[in-house]
Structure formats: C-alpha cells, structure tokens
Amino acid sequence: MRPFDYERATNTAGAVATLTSRPDAVFLAGGTNLVDHLKLGVAEPGLVVDINRLDLTEIDELDDEGLRIGAMVRNSDAAADPRIRRRYPMLSRALLSGASGQLRNAATMGGNLLQRTRCVYFQDTSTPCNKREPGSGCSAIGGYTRYHAILGASPECVATHPSDMAVALAALDATVVVLGAAGERRIPVAELHRLPGEHPEQDTVLDHGDLITALELPPPRPGRSTYRKIRDRASYAFALVSVAATVDVDTSGPTPVIREAAIALGGVAHKPWRARAAEAVLRGAEPNEETFLAAADAELEAAEPLEGNRFKVPMTRGAISTVLSELTGTDEPETTTEDTHE
C-alpha cells in the first residue's frame with residue numbers, strides 16, 4: 001500500500017473544497033470498497049479525506065411523502081427503517097441482499113452507489129484493464145466472463161456494476177443530491193452511472209470533488225414491488241442477474257390491464273439497467289406470461305453476450321417473467337408487497 005496523507009472533514013463545503021484542490025484525493029466513507037483497493041494497489045491516492053463525521057446521517061420526510069436519506073446513513077439502518085420497509089420494500093430487500101450484516105453496518109448509502117466493479121481483472125493489477133489503466137486493454141474479453149455484461153458493453157470494457165441497492169433506486173426513480181465546487185445539483189440515479197464507451201475509467205457523471213450528500217425517494221408508486229436476485233450461492237454473492245420491479249394493475253374493467261411498470265436490472269450491464277423497452281411493452285397490456293416474455297424479449301433484443309455468459313440471456317428472460325408474474329398475482333404468490341422484504 002502506498003503511503004498517503006489523511007484528513008478528517010468537519011463540514012461538507014470543506015470536504016468538497018479539499019478534494020477539488022487535490023486531483024489525487026479521494027473521499028473515505030464506510031471504506032468497504034476503498035480499503036480493499038488500497039490494499040490491492042488498485043487505488044493509490046495521495047490524500048484520503050474521511051467524511052464519517054459529516055452530519056449526513058438522517059432519514060427525513062419530504063413534503064410530497066417521499067424520503068430524503070442522508071449519504072452517511074448505514075445500509076443496515078436504511079434497510080431496517082420502518083418507513084423504507086413499508087413504502088419501499090424493494091429497496092429494503094435489495095439492501096439486505098447486498099452483503100453480510102457486518103458489511104451493511106459499515107457501508108453507507110452514498111458509498112454503495114459509488115462502489116467500483118468487482119471484475120477480477122480490474123482488481124488484479126498484474127493484468128491489463130482499461131478501467132484501471134486506460135488504454136492497456138480489457139483482459140475479460142476472451143477471458144473469464146461469467147459475471148460480465150450482456151447489455152451496454154463496449155470493446156473497451158465488459159464489466160458490470162456490483163450494487164444491488166443502485167438497481168432498486170433506479171427502478172424507484174430516486175435522485176442523488178450532489179454538492180460540488182459550483183454548488184448543489186440533483187441527478188436521477190438512472191443517469192448517475194455511465195456506460196463504458198471509450199472511457200470505462202469514468203464510472204459516473206460526477207466531477208472530481210463532487211460529494212453525494214443525500215438520496216431522495218419520490219412518493220411510493222401504486223402497485224406492488226419487489227427485488228429478486230439470482231446468484232451462485234445462497235450466501236452473499238454478487239448478482240448474476242437481478243430484477244427490481246414495480247407493477248400497477250388496473251382491475252376495474254372486465255380484463256386486468258397493466259397501468260404502469262418500472263423495471264431495472266442488475267448484473268447485466270456497466271450500470272443499473274433501466275428496462276425501458278420492457279416497460280413500454282407492459283403498459284396497457286394484459287398481465288400474463290405471454291406479455292411478460294414479450295417484454296423481456298424486447299429488452300434483451302440488444303443483448304450481446306460473451307462466450308462465458310450466454311446463459312444470462314435466458315436467465316434474465318426468466319427472471320423478468322417470474323417477478324412480473326409474482327407482482328401481478330398470475331402465479332398466486334403467498335405474500336403481499338408489504339411482505340416482500342426480508
């Protein structure tokens with residue numbers, strides 16, 4: 001590990017100013033991702049700015065019945081908050097799916113959004129990686145790709161984003177509140193992360209020195225919601241495929257019709273993947289298996305799987321259909337939306 005300077009921030013403006021003035025500086029929150037990268041040599045900052053004492057630890061009601069979650073709220077606290085469990089069970093379940101209790105007790109809401117890929121080549125400094133060292137090449141292409149992208153990848157990078165929480169936030173149309181050198185701004189979670197293109201080293205649209213101060217959740221949508229994660233083992237592992245979804249069905253007429261649906265996918269792309277094509281197929285359609293599979297097929301039409309992850313296409317198709325069947329009652333589920341958190 002390379003030696004670095006350390007400072008403890010006492011206020012948000014000072015933290016932003018310090019980082020903005022030092023191109024080699026990074027923020028330290030829970031450290032569940034950064035500390036690993038320091039040990040591995042993936043990250044070699046000259047200055048680490050500790051933001052753990054910033055007053056960003058509250059979950060507050062918004063005037064429109066949404067919630068504002070401070071960026072330093074721990075994942076365990078957010079998952080257990082009764083307002084989140086009741087109004088946003090999808091988010092609670094995603095948080096509980098993401099890591100062990102010990103890690104959730106340390107990880108923060110802002111930091112969870114900014115965690116970097118767990119691609120084995122990114123974390124191995126002995127191998128070329130465009131995300132870690134731009135222009136060096138992508139070792140995953142032609143290598144081990146079981147966990148890699150089938151949507152939105154590029155010849156420069158095929159890694160996936162690891163966060164479960166971010167997938168749920170994308171489906172919820174949550175907003176990130178960011179403080180930067182030019183002041184405060186708001187970014188939809190679905191627009192926070194970038195696809196790799198020719199610059200996979202740029203994970204997000206944030207500028208150096210930008211500090212996430214809060215997440216804002218809009219009022220809960222009508223309908224039912226859940227988060228489903230498929231992984232290699234029942235214990236904590238990164239998603240092969242995950243689905244966060246909300247579906248509202250109109251049952252007032254002779255035939256049920258889907259009023260609105262919001263779907264986001266994890267484990268399949270460089271960012272939480274909002275399934276806009278699938279949502280378009282679902283709106284106004286009758287909730288049945290044929291509709292659900294047609295929606296999944298519309299979203300997966302652009303899929304470009306690699307040799308080692310072709311299974312993800314049918315797995316994603318099945319996961320979308322299964323979740324939609326559960327939420328619309330076409331599989332006669334035993335739980336209600338309120339019961340879908342763990």
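No hydrogens, no waters, no symmetry mates; every other heavy atom, side chains included, goes into these values. All of these numbers come straight from a predicted model, not from anything done at the bench.
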> Thr316: what forms a side-chain hydrogen bond (donor to acceptor under 3.5 Å, both in side chains) with it, not counting sequence neighbours?
Replying inline: none

Taking [X] for its side chain and [Y] for its backbone only, find out whether a donor-acceptor pair lies under 3.5 Å.
X: Ser76; Y: Asn105; answer: yes
X: Glu44; Y: Leu38; answer: no
X: Thr108; Y: Arg74; answer: no
X: Thr322; Y: Gly318; answer: yes
X: Arg194; Y: Gln202; answer: yes
X: Thr125; Y: Val42; answer: no
X: Lys312; Y: Tyr147; answer: yes
X: Thr145; Y: Gly308; answer: yes
X: Arg186; Y: Val177; answer: no
X: Thr328; Y: Leu324; answer: yes

>> What verdict does the ring-ring contact (aromatic ring centres under 6.0 Å, His included) test give for His161 and Phe238, after you've listed the backbone C-alpha separation in whole Å, the side-chain angles of each residue and the deciding distance to 0.1 Å?
In response: CA-CA 10 Å; His161 192 269; Phe238 295 105; over 10 Å; no

Exercise: do [X] and [Y] side chains pair donor with acceptor under 3.5 Å:
X: Ser163; Y: Asn112; result: yes
X: Ser97; Y: Tyr227; result: no
X: Tyr6; Y: Asp50; result: yes

> Given a cutoff of under 4.5 Å between side-chain heavy atoms of I, L, V, M, F, W and Y, with clusters grown through shared members, what are the other residues clustered with Leu211?
Replying inline: Val16, Leu19, Phe27, Leu47, Val49, Ile51, Leu54, Leu56, Met72, Leu179

> For Leu293, which fellow cluster members are found when Ile, Leu, Val, Met, Phe, Trp and Tyr are connected by side-chain heavy-atom distances below 4.5 angstrom, either directly or through intermediates?
Replying inline: none

Are any non-hydrogen side-chain atoms of [X] and [Y] less than 4.5 angstrom apart?
X: Leu265; Y: Val167; value: no
X: Leu113; Y: Leu192; value: yes
X: Asn309; Y: Ile150; value: yes
X: Leu34; Y: Arg116; value: no
X: Thr175; Y: Leu215; value: no
X: Leu217; Y: Asp173; value: no
X: Phe311; Y: Val313; value: no
X: Arg317; Y: Asp297; value: yes

Tell me, yes or no, whether the heavy-atom count around [X] atom [atom1], taken from other residues, nucleotides or ligands under 6.0 Å, exceeds 12.
X: Glu61; atom1: CD; value: yes
X: Glu198; atom1: CD; value: no
X: Asn11; atom1: CG; value: yes
X: Glu304; atom1: CD; value: no
X: Arg53; atom1: CZ; value: no

>> Quick check with a 6.0 Å cut-off and a 45 degree axis cone: is Arg221 positioned over the face of Tyr88's six-membered ring?
In response: no

Check ion pair [X]-[Y] (N to O, under 4.0 angstrom):
X: Arg259; Y: Asp248; value: yes
X: Arg146; Y: Asp232; value: yes
X: Arg93; Y: Asp164; value: no
X: Arg228; Y: Glu326; value: yes
X: Arg274; Y: Glu279; value: yes

> Of all residues at least two apart in sequence or in a different chain, which pass the side chain to side chain contact (heavy atoms under 4.5 Å, CB included) check with Asp81?
Replying inline: Ile59, Arg83, Ile84

>> According to side chain to side chain contact (heavy atoms under 4.5 Å, CB included), who are the partners of Thr10, at least two apart in sequence or on a separate chain?
In response: none

> Please walk me through it: do Leu169 and Leu91 pass side-chain contact (heavy atoms from CB on, under 4.5 Å)?
Replying inline: CA-CA 7 Å; Leu169 290 173; Leu91 177 57; 4.0 Å; yes

>> side-chain contact (heavy atoms from CB on, under 4.5 Å) for Ser154 and Leu195? Distances and angles first, verdict last.
In response: CA-CA 8 Å; Ser154 77; Leu195 292 178; over 6 Å; no

> Between Thr226 and Met90, does a side-chain contact (heavy atoms from CB on, under 4.5 Å) hold up when you go through it step by step?
Replying inline: CA-CA 4 Å; Thr226 194; Met90 174 202 304; 5.9 Å; no

> What residue pairs, at least two apart or across chains, pass side-chain hydrogen bond (donor to acceptor under 3.5 Å, both in side chains) with a residue in residues 126-139?
Replying inline: Asp124-Ser126, Asn130-Glu156, Lys131-Asp203, Lys131-His270

> For the residue pair His148 and Tyr121, does the interplanar ring angle fall in the parallel (under 30°), tilted (30 to 60°) or perpendicular (over 60°) class?
Replying inline: tilted

